[in-house]
Amino acid sequence: MRQTNQKSLNHKRLGIMGGTFDPIHYGHLVAAEMARYEFNLEKVIFIPTGVPPHKIERKITSSEFRYQMVSLAIEDNAFFDVSRIEIERTGLTYTVDTIRLMQQEYHEYELYFITGADAFREIFTWRKANEILELTQFIGASRPGFDARVFLNQLQQELPELYERMHFLEVPALAISSTDIRSRVKKGQSIRYLLPEPVRIFIEEKRLYR
Ligand code: ATP
Ligand code: MG
């Protein structure tokens with residue numbers, strides 16, 4: 001499995017990390033930081049979703065609060081940024097539209113979309129997956145409980161030209177999820193050290209997930 005892409009070493013590279021971030025936690029931050037370092041990304045832009053197409057069944061925290069939590073979580077990393085591009089669009093937001101807009105805004109960059117192994121494995125279920133893969137490279141960070149090896153082997157055999165654009169990245173494993181954090185808060189359990197302290201305090205102050 002290759003971890004870098006020799007072909008494009010002379011382009012400036014920009015990382016994009018999409019997510020609901022309800023709330024953002026150290027799993028997201030480690031994946032983004034390791035991808036930034038391993039793939040020489042100039043920076044990583046976190047893009048909190050508006051109304052995510054696959055999460056309409058659950059009542060998610062307001063876009064504004066999720067955006068603020070991402071801002072708090074990244075404020076000490078000069079290589080990280082957060083974008084309002086999805087939360088300001090109305091209606092359902094699709095990754096393909098976001099990537100098109102990012103490509104226009106950052107046309108001198110090569111885009112790298114960072115996901116965890118779970119999202120990585122499911123990429124072909126995304127709307128207009130083929131178009132997405134023409135516009136961006138993909139980085140799938142390891143995530144406990146989600147093995148991407150079978151997926152990658154299959155991809156290599158069946159779609160070798162796409163395999164070139166999909167990179168698997170082994171990161172220090174963190175079995176943290178937003179779902180688990182929300183359920184802990186609901187049950188009154190501790191979430192300390194699962195996410196940055198300013199985010200934990202924000203959740204407490206705004207009484208989220210009770
Ligand atoms: P939820 O439980 O609500 O689905 P989540 O923890 O999976 O939340 P998302 O906002 O859904 O977080 O994820 C955004 C992106 O971050 C996805 O690509 C996901 O695979 C990745 N990701 C989330 N948690 C981890 C983790 N612990 N390690 C690696 N990648 C992660
Ligand atoms: Mg998720």
Side-chain angles (χ1 to χ4, degrees), residues 3 15-39 41 44-63 65-74 80 82-83 85-87 92-96 98-99 102 111-127 129 132-133 136-149 151-152 166-187 189 191 193-196 199-200 203 208-209:
Q3 295 213 340
I16 295 175
M17 179 132 192
T20 319
F21 304 125
D22 192 14
I24 189 166
H25 54 68
Y26 281 127
H28 302 125
L29 294 164
V30 163
E33 175 64 7
M34 298 306 152
R36 180 192 71 76
Y37 177 77
E38 291 294 332
F39 288 83
L41 308 176
V44 176
I45 302 184
F46 289 77
I47 307 185
T49 53
V51 183
H54 58 286
K55 282 186 181 167
I56 33 187
E57 72 279 5
R58 176 173 78 78
K59 192 177 170 290
I60 69 167
T61 306
S62 77
S63 302
F65 278 178
R66 289 181 293 111
Y67 173 86
Q68 285 179 39
M69 289 191 281
V70 173
S71 304
L72 288 168
I74 65 169
F80 286 176
V82 57
S83 162
I85 189 170
E86 288 206 354
I87 65 177
L92 294 181
T93 52
Y94 289 103
T95 303
V96 62
T98 302
I99 290 177
M102 294 298 283
L111 302 186
Y112 282 75
F113 198 91
I114 305 161
T115 66
D118 54 322
F120 191 65
R121 282 193 315 196
E122 316 240 286
I123 165 78
F124 292 107
T125 68
W126 295 15
R127 191 167 190 259
I132 295 177
L133 285 162
T136 175
Q137 309 254 351
F138 256 82
I139 301 173
S142 56
R143 180 172 190 185
F146 304 96
D147 195 345
R149 274 172 300 185
F151 167 75
L152 276 167
M166 311 277 286
H167 315 275
F168 187 68
L169 176 68
E170 204 66 61
V171 302
L174 289 177
I176 304 175
S177 72
S178 304
T179 302
D180 179 58
I181 291 174
R182 292 191 302 269
S183 113
R184 281 172 183 275
V185 173
K186 190 155 197 173
K187 290 187 273 188
Q189 295 170 342
I191 56 167
Y193 308 122
L194 298 176
L195 34 60
V199 180
R200 188 187 68 79
I203 291 170
L208 300 181
Y209 315 124

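Counting starts at 1 for both ligands and their atoms, following the listed order.
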If you measure every N or O of Gly116 against every N or O of ligand 1, does any of those distances drop under 3.5 Å? yes
Donor-acceptor pair, distance only, cut-off 3.5 Å: does the side chain of Arg143 make one with the backbone of Ala119? no
Should Asp118 be listed as contacting ligand 1, given a heavy-atom distance under 4.0 Å as the test? yes
Output yes when the distance from some N or O of ligand 1 to some N or O of Arg182 is under 3.5 Å, and no in every other case. yes
Distance under 4.0 Å to a non-hydrogen atom of Thr115: what atoms of ligand 1 satisfy this? 18 (O)
Geometry only, no angles: is Ala117 polar-contacting ligand 1 at N/O separations under 3.5 Å? no
Identify, by atom number and element, the atoms of ligand 1 in contact range of Gly19, meaning under 4.0 Å from any of its heavy atoms. 10 (O), 14 (C)
Closest heavy-atom pair, Phe168 versus Gly140, reported as atoms and distance to 0.1 Å, is CD1-O, 3.2 Å
For the pair Ile85 and Ile45, evaluate side-chain contact (heavy atoms from CB on, under 4.5 Å) and give the outcome as yes or no after the intermediate values. CA-CA 11 Å; Ile85 189 170; Ile45 302 184; over 6 Å; no
Going by the atom numbers of ligand 1, which of them fall below 4.0 Å from some non-hydrogen atom of Gly18? 14 (C), 15 (C)
Touching ligand 1 at all, Ala175? Heavy atoms, strictly under 4.0 Å? no
Identify the heavy atoms of Val199 and Pro23 that sit nearest to each other, and give their distance. CG1-CB, 4.4 Å
What part of Ser142 sits under 4.0 Å from ligand 1 if we count only heavy atoms: the side chain, the backbone, both or neither? backbone
Less than 3.5 Å between some nitrogen or oxygen of Asp22 and one of ligand 1, yes or no? no
Can you classify the ring geometry of Phe120 versus Phe138 as parallel (below 30°), tilted (30 to 60°) or perpendicular (above 60°)? tilted
Given Leu174, Ile114, Val30, Leu194, identify the one with the heavy atom nearest to atom 27 (N) of ligand 1. Leu174
What is the ring orientation for Trp126 with Phe113, classed by angle as parallel under 30°, tilted 30 to 60°, or perpendicular over 60°? perpendicular
Below 4.0 Å, non-hydrogen atoms only: which portion of Ala141 touches ligand 1? Side chain, backbone, both or neither. neither
Contacts under 3.5 angstrom, residues 24-33 side chains, donor-acceptor by atom type, not counting sequence neighbours:
unit_1 : atom_1 : unit_2 : atom_2 : d
His25  : ND1    : Gly27  : N      : 3.0
His25  : NE2    : His28  : NE2    : 3.4
His28  : ND1    : His25  : N      : 3.0
Glu33  : OE1    : Arg36  : NE     : 3.1
Glu33  : OE1    : Asn77  : ND2    : 3.2
Glu33  : OE2    : Arg36  : NH2    : 2.9

Strictly by salt bridge (Lys or Arg N to Asp or Glu O under 4.0 Å), give each pair with a member in residues 18-30 just once, sequence neighbours left out. Asp22-Arg58
